[in-house]
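Just so we're on the same page: letters track the sequence lines, and every chain starts at 1. Source: prediction; values computed, not measured.
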Amino acid sequence: MAKDLTTRNENYSQWYNDLVVKAELADNSAVRGCMVIKPYGYAIWEKMQAQLDKMFKETGHQNAYFPLFIPKSFFSREASHVEGFAKECAVVTHYRLKNDPDGGGVVVDPEAKLEEELIVRPTSETIIWDTYRSWIQSYRDLPILVNQWANVVRWEMRTRMFLRTTEFLWQEGHTAHATSEEAMEETVKMIGVYADFAEKHMAIPVLKGVKSPNERFAGAVETFCIEALMQDGKALQAGTSHFLGQNFAKAFEVQFLTKENKLEYVWATSWGVSTRLMGALIMSHSDDNGLVLPPKLAPIQVVIVPIFKKEEQLEEIRKTVLPIIDALKQKGISVKFDDRDNLTPGWKFNEYELKGVPVRLAIGQRDIENGTIEVARRDTLEKTSYQLVDIETKIEHLLENIQDNLYQKALSFRESSTHTADTWEEFLDILDNKAGFVEAHWDGTAETEQRIKEESKATIRCIPLDSKEEEGKCIFSGKPSKQRVVFARAY
RNA sequence: CGGGGUGUAGCGCAGUCCGGUUAGCGCACCUGGUUUGGGACCAGGGGGUCGAAGGUUCGAAUCCUUUCACCCCGACCA
């Protein structure tokens with residue numbers, strides 16, 4: 001864990017930004033609130049995509065693609081949906097530019113005004129449900145299990161790299177079902193897929209739960225989420241899965257004939273994760289030396305740094321190392337041999353630590369003579385000398401060990417950062433002095449939730465799926481409550 | 001939209017208060033040499049409409065006016 005992360009909250013944004021830039025994950029761009037994802041950052045995203053895509057296929061889903069532009073009128077079909085998104089939409093009003101008659105530049109051609117404005121999608125429920133109407137006639141057309149990889153635009157007032165950008169990359173699953181039960185089952189299944197991905201691949205423990213009505217997706221009947229805890233003690237919503245009921249089917253008139261020849265509205269779900277997961281990854285594991293990547297998502301899992309004085313020595317190292325590289329690649333491990341001669345080993349060590357490469361091998365004259373290689377692990381920064389015999393298996397196990405260790409570390413951090421509060425004073429004290437998750441009783445009303453948010457800046461992150469029934473009193477109103485919910489200050 | 005800050009070489013910055021040689025430093029880059037087990041060193045070199053526009057002045061990175069962009073804090077955030 002990065003030292004003093006909780007005490008440097010004020011500078012945490014700066015620290016986070018610097019890391020994103022220095023590790024060459026992304027840069028701010030010329031466009032307000034947008035960012036450039038650099039090749040190294042994108043390579044991590046691609047690994048996430050590949051794994052998620054595999055998991056979607058394994059659960060029976062197919063990919064498809066829908067338009068970027070959505071006619072404005074589509075948004076007004078579902079009342080709470082438009083209310084949720086109207087404030088942050090980019091709107092296309094014209095389709096042409098022309099030379100500025102008063103100067104050298106170009107201006108929007110007033111002649112080219114669109115009759116109906118187009119909205120750059122902030123999410124695709126509307127355009128997809130408008131399309132599904134033509135795909136669905138009978139129960140035999142169901143279920144539809146479709147996922148889209150796309151970019152979306154939300155004109156947020158304040159942005160942060162990866163966590164909240166004006167344009168972001170994501171996937172959005174949109175499914176259509178014949179029954180409520182089946183749709184709910186899908187919703188729960190997909191939040192499970194996300195939780196598995198977060199824990200097994202990103203090495204980030206997450207709480208699975210449902211959102212309070214206030215925090216629900218605009219247009220959803222129920223929103224399931226996974227919530228992760230960052231090292232500064234703030235929560236991050238890492239993924240959501242929504243049970244949409246028949247809201248969108250009714251809004252877009254999507255009906256089907258049942259076996260019994262009865263006309264019924266279709267049941268829907270939608271679920272998504274975004275490049276925000278990159279932010280979660282960075283903030284969960286990084287330390288003062290830079291990024292720490294879990295082996296399963298690291299574009300480079302092993303880097304080999306040769307230590308040499310003369311070209312002949314490099315040649316000798318290369319001869320020793322080539323079979324090792326082959327053997328590692330045979331095991332599906334990605335290896336980089338950094339034989340650049342214009343940088344010193346020390347420089348390279350720092351560079352790869354900054355970029356979070358899980359395992360670093362260093363080999364020089366001394367090692368060649370002894371038949372050894374120096375192995376450094378990024379998570380603990382430990383250095384050990386290994387015999388070259390069967391090195392690929394040892395590295396393979398080491399990578400597994402690092403993956404596991406990162407998860408355990410993050411888990412014990414979360415556990416030690418999860419507190420219970422039974423009074424309002426206790427609640428505020430924990431938020432101000434300890435941060436993290438706070439388990440507390442809530443009377444279940446939106447009014448109380450709102451007041452708590454206003455007075456403490458903390459929101460209900462979720463009502464955990466596994467939370468036990470427990471009699472208690474709401475920390476704010478004192479009214480009776482049947483279970484604890486999880487509060488935190490959040491991104 | 002409020003409060004604060006920053007724009008000077010690819011990156012990071014000094015210089016601005018108090019106007020005055022040819023606008024400087026570190027990193028990076030190029031050439032040569034020595035180096036290389038935790039961000040090497042020496043020598044030489046290239047790179048700038050000082051965010052933009054207007055004004056004051058003999059003279060503006062520096063003063064005045066206007067404007068743009070970005071960052072941080074807040075409001076906002078399925």
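Residue pairs meeting the salt bridge (charged side-chain N to carboxylate O under 4.0 Å, His left out) criterion with at least one partner in residues 343-363 of chain A, sequence neighbours excluded, are A:Glu24-A:Lys355, A:Asp338-A:Lys348, A:Glu351-A:Lys355, A:Glu353-A:Arg360.
The side chain of A:Lys457 has B:A75 as its nearest neighbour among B:A75, B:G38, B:A40. Comparing B:G39, B:G38, B:C72 by their nearest atom to the side chain of A:Glu351 picks out B:G39. When distances are taken from the side chain of A:Lys87 to each of B:G38, B:G37, B:C77, the shortest belongs to B:C77. Comparing B:G37, B:C71, B:C77 by their nearest atom to the side chain of A:Arg164 picks out B:C77. Relative to the side chain of A:Glu374, the nucleotides B:G37, B:G74, B:G38 differ in distance, and B:G37 lies closest. Here the nucleotide nearest the side chain of A:Lys453, chosen from B:G37, B:A75, B:C77, is B:C77.
Distance A:Asn17 CG to B:U6 P: 18 Å, rounded to the nearest Å. In this entry the distance linking CZ of A:Arg377 with P of B:G38 reads 21 Å, nearest Å. Following rounding to the nearest Å, A:Asp341 (CG) and B:G37 (C1') show an atom-to-atom distance of 17 Å.
For A:Val120, the side-chain contact (heavy atoms from CB on, under 4.5 Å) partners at least two apart in sequence or on another chain are A:Leu68, A:Phe69, A:Ala90, A:Val92, A:Val153. Residues passing the ring pair (Phe, Tyr, Trp, His ring centres under 6.0 Å) test with A:Phe85, sequence neighbours excluded: A:His81, A:Phe217.
Using P as the reference atom, B:G20 and B:G59 are 15 Å apart when rounded to the nearest Å. Here the separation of B:G19 from B:C64, taken at their C1' atoms, is 13 Å to the nearest Å. Taking the C1' atoms as reference points, B:A61 lies 15 Å from B:C18, given to the whole Å. If you take atom C1' in B:G45 and the same atom in B:G3, they sit 47 Å apart, rounded to whole Å. Of the C1' atoms belonging to B:C13 and B:C50, the separation is 13 Å, rounded to the nearest Å. Rounded to whole Å, the P atom of B:U22 lies 29 Å from the corresponding atom of B:G12.
Shown here is A:Glu83, whose CD atom has no more than 12 heavy atoms of other residues, nucleotides or ligands within 6.0 Å.
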Tabulate atom names and distances for all N/O pairs under 3.5 angstrom spanning the protein and nucleotides 25-33 of chain B.
none

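Contacts of A:Arg360 with the nucleic acid, taken as non-hydrogen atoms under 4.0 Å apart, include base atoms. Using a 4.0 Å heavy-atom criterion, one finds that A:Tyr491 contacts no nucleic acid atom at all. Within 4.0 Å of A:Lys310, counting heavy atoms only, lies no atom of the nucleic acid at all.
Using a 4.0 Å cutoff on non-hydrogen atoms, no part of residues 165-177 of chain A comes near RNA chain B.
With values rounded to the nearest 0.5 angstrom, A:Asp367 atom CG is found 7.5 Å from A:Leu388 atom CG.
With a cut-off of 3.5 Å on both pairing distances, the Watson-Crick and G-U wobble pairs of RNA chain B assemble into stems of 3 or more at B:1-7 with B:68-74, B:10-13 with B:24-27, B:29-34 with B:40-45, B:51-55 with B:63-67.
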